[in-house]
Novice: 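The following block contains the structure, expressed as structure tokens.
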Amino acid sequence: MRSKYCGNLGIKHIDSEVQLCGWVDRCRDHGGVIFIDLRDSSGTIQITVDPEQGSALFKTAESLKNETVIQIVGTVRSRPAESINNKLKTGEIEISAKCLKILNPILSNLPFTISIHDEEPLKEELRLKYRYLDLRRERMSKNLKLRHKTIQTARNFLENEGFIEVETPILTRSTPEGARDFLVPSRVCEGEWFALPQSPQIFKQLLMVGGIERYYQIARCFRDEDLRSDRQPEFTQLDMEMSFMNQEEILDLNERLIASIWKTAKGIDLQLPFPRISWEECMNSYGTDRPDTRYGMKLQNVSSIIKEIGFKVFSNAVKSGGSVKCITIKGGNQTISNVRIKPGGDVFNEAAKAGAKGLAFIRVRDNNEIDTIGAIKDNLNNSQKIELLQKAKANPGDLILFGAGETEIVNKTLDRIRQYLAKELGLIPLDKESEVWNFLWVIDFPMFEFNKEENRLEAIHHPFCAPNESDLGANTKSWGDKLPKSRAQAYDLVLNGLELGGGSLRIHNPNLQKEVLKTIGLSENESSEQFGFLIEALKMGAPPHGGLAFGLDRIIMLLSGEDSIRDTIAFPKTQQARCLMAQAPNNVSDKQLKELHIASTWTNDE
RNA sequence: GGGACCGUAGUUCAACUGGUUAGAGCACCGCCCUGUCACGGCGGAAGUUGCGGGUUCGAAUCCCGUCGGUCCCGCCA
């Protein structure tokens, strides 16, 4: 139907005859001559319809509406010098139309305009309802092309590294741990249920046992949890697993993969290797396991200085097993008023949202005089004061904010304030030129954390992560005692405060695997019922293996500069997990339910 | 499960403290216009103010409920 794409035409095509297809982006009817901006997936070009070319052609051109689908035959010619449009890639030329055919007219008014010239922001509700139109707009088509390019780059890279792409089941079994499963009733196996995979975790490990050695997949994952701007009920992971590689080798390969993606998508050469920071140091210095290192304001632990002072809020926090930490805001005396850090102020509110009961502060004045509430000032002697200012790296003009109490809350509070103030004080460069990409690996995660509600240990990543061998010791009999406190051979890739992906070396020793399942509270029976096939497989020549998975949607979001992964997904769902276009989920017939041996217990007043 | 914000013409927004017939740009329809490119000019049509109830002489505006969207906490790695 066509000989060329609109956006690829240029002066070298002058005098040649072309046949183009696409959408009418916009028309300018001057009564005599008519200009049509024709758009296809490659770009736009101006079509000129002169009355001399015949009245039928002209009449058709007059009738065109925006978004009419047309096919034109015409000759490429240079524009008159005064009519050259430098804003347009094809602005030096135009097509003189000889023939114009309407392939599909517009029969219904469009809910919004597609043209790039229309810059008005649209309600997302509308964009999602008419997603097929939204995709026709430049923003979404650009994002989808970027997504494609990113996946293509990953495929090429992994191909060259000897990986093969293997698909794993979408219908699988429900397993404990992790997120809520989406369930699918089985018609054939009455009363039984499939679950959609939260990730291909176990399958990819079994591919390793299957001798695949290097696997990857652009894998759809499903989690039935509440949505956020960076969370969808179905999302995509770039999922990988490899045999006979140690942690360093895996990290090295993956940062080269990320670098190749950033090179093609952004033209940026990332500096390798990425910094590696232990989980412990990370929590100490940033209060979070995914720190944004584009700015300072690191957390300082001042517990030891403060534990004996008379200010009870501080000393009691330390004595009851918690801590006192602080962050120093350079020049904070100027930029942050007392109103903002006292109850009701924006900074205080941020602290409160993290669970802090108060927000103590010290302002450093000239000659290192301190300005704070009496209860702190009166209880600090001169040497404590000096030590404190040193530890906080505070100078005259600076503001120090404190978190005191349970260490977890203190970390959460100061992390939140740190992030809030970085945005607030403009410490993060927003313009494209000074964009900073601070990648880092967080390593040495603990194996488990305590779940208060369920009163048991829980795997931080998942229960297949291999523990650090030196933490476990050689004596296999003491595994059970040492496991709860050992570190995992797990790693997360963090970029500018966001987790891009993570993984671990896996357990390939069946006894160790059993021991870990026992540690998270599974009985022997439960273990073999849920994971028997995995443990069995580990007994039959499972190679040492490990892997990781990247959140592909999130990576595209960062590369495209969008704030939501919805803008990287062709057909995403709303926060209520609805598809406004297809109107899913929807009701099904009683017959369908009956075949599946299920009945809905839902009532209106639920 | 909880908190916050939002919903007005096809669309993006406006409408003061509750007070005339709910306005404007773009889109749409009609007419005019031969070099525009977000073309221009003249005219026109277009509204269950998401929905339901309440307060009031009077509600887009205030209150309650409900539906939908967004952000966040919980949840989720």
Side-chain angles (χ1 to χ4, degrees), chain A residues 25-38 44-52 58 62 65-67 79-88 90-91 94 96 106 108-130 133 177-181 198-199 201 221-233 235 237 289-290 349-350 352-355 412 416 442 445 449 451 453 458-462 465 490 492-494 498-504 548-551 554 563-564 566 573-578 580 583 604 606:
Chain A
D25 191 73
R26 207 155 254 209
C27 287
R28 290 172 295 282
D29 184 348
H30 285 244
V33 65
I34 298 173
F35 300 104
I36 303 162
D37 291 338
L38 181 66
T44 63
I45 190 162
Q46 175 165 284
I47 314 292
T48 314
V49 179
D50 296 297
E52 299 88 69
F58 196 73
E62 272 183 315
K65 296 190 204 181
N66 291 349
E67 299 311 308
R79 292 195 187 189
E82 67 278 10
S83 294
I84 286 175
N85 184 354
N86 292 319
K87 284 185 268 179
L88 208 63
T90 58
E94 64 188 7
S96 173
I106 293 299
S108 168
N109 282 344
L110 300 172
F112 51 83
T113 49
I114 311 301
S115 176
I116 184 167
H117 304 301
D118 188 46
E119 284 158 357
E120 273 181 345
L122 282 172
K123 285 202 184 68
E124 194 166 2
E125 197 173 346
L126 201 67
R127 292 176 55 206
L128 292 177
K129 183 170 177 192
Y130 300 97
L133 292 181
E177 296 286 296
R180 192 177 294 116
D181 284 324
Q198 292 176 29
S199 77
Q201 183 59 37
C221 305
F222 306 86
R223 290 174 192 170
D224 189 5
E225 296 292 347
D226 287 349
L227 276 56
R228 289 285 189 282
S229 56
D230 61 351
R231 274 195 244 153
Q232 283 273 301
F235 61 100
Q237 286 188 341
D289 59 5
R290 45 184 175 91
N349 283 345
E350 284 302 312
K353 280 181 202 162
K412 210 171 156 191
R416 193 167 175 132
V442 179
F445 279 78
E449 72 189 337
N451 183 325
E453 280 107 71
E458 208 170 38
I460 283 199
H461 267 86
H462 49 62
C465 292
D492 274 0
L493 182 63
V494 174
L498 291 170
E499 185 199 321
L500 285 195
S504 65
L548 81 176
F550 292 109
R554 215 172 268 186
D563 291 323
S564 162
R566 289 188 300 275
K573 300 194 172 43
T574 67
Q575 196 161 46
Q576 296 305 309
R578 236 171 228 295
L580 295 182
Q583 294 183 295
N604 240 328
E606 225 173 283

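Lettering of chains follows the sequences in order, A, B, ..., and the numbering in each one begins at 1. When reading the values below, keep in mind they use all heavy atoms of this one structure, side chains included, and skip hydrogens, waters and symmetry mates.
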Novice: Taking any heavy-atom pair under 4.0 Å as a contact, classify A:Leu580: base, sugar-phosphate, or nothing.
Specialist: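 Sugar-phosphate: the residue A:Leu580, judged by heavy atoms under 4.0 Å, touches backbone atoms but no base.
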Novice: Does A:Glu124 come within less than 4.0 Å of A:Arg566, counting only side-chain N to carboxylate O?
Specialist: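 A salt bridge is present here (some side-chain N lies under 4.0 Å from a carboxylate O).
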Novice: Of the candidate nucleotides B:rA27, B:rG35, B:rG68, which contains the atom at the shortest distance from the side chain of A:Glu125?
Specialist: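 Taking heavy atoms from C-beta onward, the closest nucleotide is B:rG68.
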Novice: For A:Ile116, which contact category applies under a 4.0 Å heavy-atom criterion: base, sugar-phosphate, or nothing?
Specialist: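 Answer is nothing: A:Ile116 stays at 4.0 Å or more from every strand.
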Novice: Using atom C1' of each nucleotide, how far apart are B:rU8 and B:rA15 to the nearest Å?
Specialist: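 Roughly 10 Å separates the two C1' atoms.
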Novice: Closer to the 5' end of RNA chain B via nearest nucleotide, is it A:Phe112 or A:Asn85?
Specialist: A:Phe112
Novice: When both hydrogen-bonding distances must be under 3.5 Å and the geometry is Watson-Crick or G-U wobble, what is B:rG52 paired with, if anything?
Specialist: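 Paired with B:rG52, as far as the under-3.5 Å criterion goes, is B:rC64.
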Novice: Just checking A:Ile34: base, sugar-phosphate only, or nothing, at a heavy-atom cut-off of under 4.0 Å?
Specialist: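 Counting heavy atoms under 4.0 Å across all strands, no contact is made by A:Ile34.
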Novice: Please give the nucleotide sitting opposite B:rA4 as a Watson-Crick or G-U wobble pair, both distances under 3.5 Å, or none.
Specialist: B:rU70
Novice: Is the phosphate of B:rA38 approached by A:Lys87 (side-chain N or O, under 4.0 Å from OP1 or OP2)?
Specialist: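 For B:rA38, OP1/OP2 do have a side-chain N/O of A:Lys87 under 4.0 Å.
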Novice: Would you give a per-nucleotide map of nucleotides 70-77 of chain B, 5' to 3', where B means the base has a protein non-hydrogen atom under 4.0 Å away, S means only the sugar-phosphate does, and - means neither?
Specialist: BBSBBBBB
Novice: Considering only atom C1', compute the distance from B:rC31 to B:rG35 and round it to an integer number of Å.
Specialist: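 Going atom to atom, C1' in each nucleotide, I get 22 Å.
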Novice: Ion pair present between A:Arg223 and A:Asp181, side-chain N to carboxylate O less than 4.0 angstrom?
Specialist: no
Novice: Within this structure, what is the CG-to-C1' distance between A:Asp25 and B:rC37, rounded to whole angstrom?
Specialist: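 Rounding to the nearest Å, CG of A:Asp25 and C1' of B:rC37 are 11 Å apart.
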Novice: Specify the separation, in whole Å, of atom CD of A:Glu82 and atom P of B:rG35.
Specialist: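 It works out to 11 Å between those atoms.
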Novice: Sequence neighbours excluded, which residues qualify as ring pair (Phe, Tyr, Trp, His ring centres under 6.0 Å) partners of A:Phe112?
Specialist: none
Novice: Among B:rG35, B:rC37, B:rC28, which nucleotide sits nearest the side chain of A:Arg79?
Specialist: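 Of the options given, the side chain of A:Arg79 lies nearest B:rC37.
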Novice: Within this structure, what is the NZ-to-P distance between A:Lys65 and B:rG10, rounded to whole angstrom?
Specialist: 16 Å
Novice: What's the gap between B:rG23 and B:rC37 when it is taken at their C1' atoms, as a whole Å value?
Specialist: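 Nearest-Å result for B:rG23 against B:rC37 at atom C1': 31 Å.
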Novice: Find which nucleotide of RNA chain B each of A:Asn109 and A:Pro121 is nearest to by heavy atoms, and output the residue with the more 5' nucleotide.
Specialist: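 Going by which nucleotide is closer to the 5' end, it is A:Pro121.
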Novice: Could you check how far CG of A:Leu88 sits from C1' of B:rG35, rounded to whole Å?
Specialist: 15 Å
Novice: For the CD1 atom on A:Ile116, are there more than 12 heavy atoms of other groups (residues, nucleotides or ligands in this structure) within a distance under 6.0 Å?
Specialist: no
Novice: Distance check needed: B:rU11 P versus A:Asn66 CG, whole Å only.
Specialist: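 Rounded to whole Å, this separation is 17 Å.
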Novice: Does B:rG30 pair with anything, Watson-Crick or G-U wobble, both distances under 3.5 Å, and if so, with which nucleotide?
Specialist: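 The answer is B:rC42, by the H-bond criterion.
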Novice: Counting only Watson-Crick or G-U wobble pairs whose two distances fall under 3.5 Å, which nucleotide matches B:rG58?
Specialist: none
Novice: Tell me, do A:Leu580 and A:Glu125 make a side-chain contact under 4.5 Å, heavy atoms counted?
Specialist: yes
Novice: Quantified in whole Å, what is the P atom distance between nucleotide B:rG52 and nucleotide B:rA60?
Specialist: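 Here B:rG52 and B:rA60 have their P atoms 13 Å from each other.
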Novice: Only pairs with both distances under 3.5 Å count, Watson-Crick or wobble alike; so what is the partner of B:rU21 in this structure?
Specialist: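 Base partner found: none.
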Novice: Are A:Arg290 and A:Glu499 close enough for a salt bridge, meaning some N to O gap below 4.0 Å?
Specialist: no
Novice: Is the closest basic N to carboxylate O distance between A:Asp230 and A:Arg554 below 4.0 Å?
Specialist: yes
Novice: Return no unless some side-chain N or O of A:Lys123 is found under 4.0 Å from OP1 or OP2 of B:rU11.
Specialist: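 For A:Lys123, the contact criterion (side-chain N or O under 4.0 Å from OP1 or OP2 of B:rU11) is not met.
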Novice: Treating primed atoms plus P, OP1 and OP2 as sugar-phosphate and everything else as base, which nucleotides of nucleotides 39-45 of chain B get B, S or - for protein heavy atoms under 4.0 Å?
Specialist: B------
Novice: Mind checking who B:rU36 pairs with, Watson-Crick or G-U wobble, both distances under 3.5 Å?
Specialist: none
Novice: For B:rA77, which nucleotide is its Watson-Crick or G-U wobble mate, given both distances must be under 3.5 Å?
Specialist: none
Novice: Has the side chain of A:Arg231 got a donor or acceptor atom that lies under 3.5 Å from a matching backbone atom of A:Asp226?
Specialist: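 Checked: pair present.
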Novice: Which part of the nucleic acid does A:Pro80 contact within heavy-atom distance under 4.0 Å: base, sugar-phosphate only, or nothing?
Specialist: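 Base, at least one base atom sits under 4.0 Å.
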Novice: How many angstroms lie between CD1 in A:Ile114 and CG in A:Asn66, if you round to the nearest 0.5 Å?
Specialist: 9.0 Å
Novice: In whole Å, what is the span from the CD atom of A:Gln583 to the P atom of B:rG68?
Specialist: 12 Å
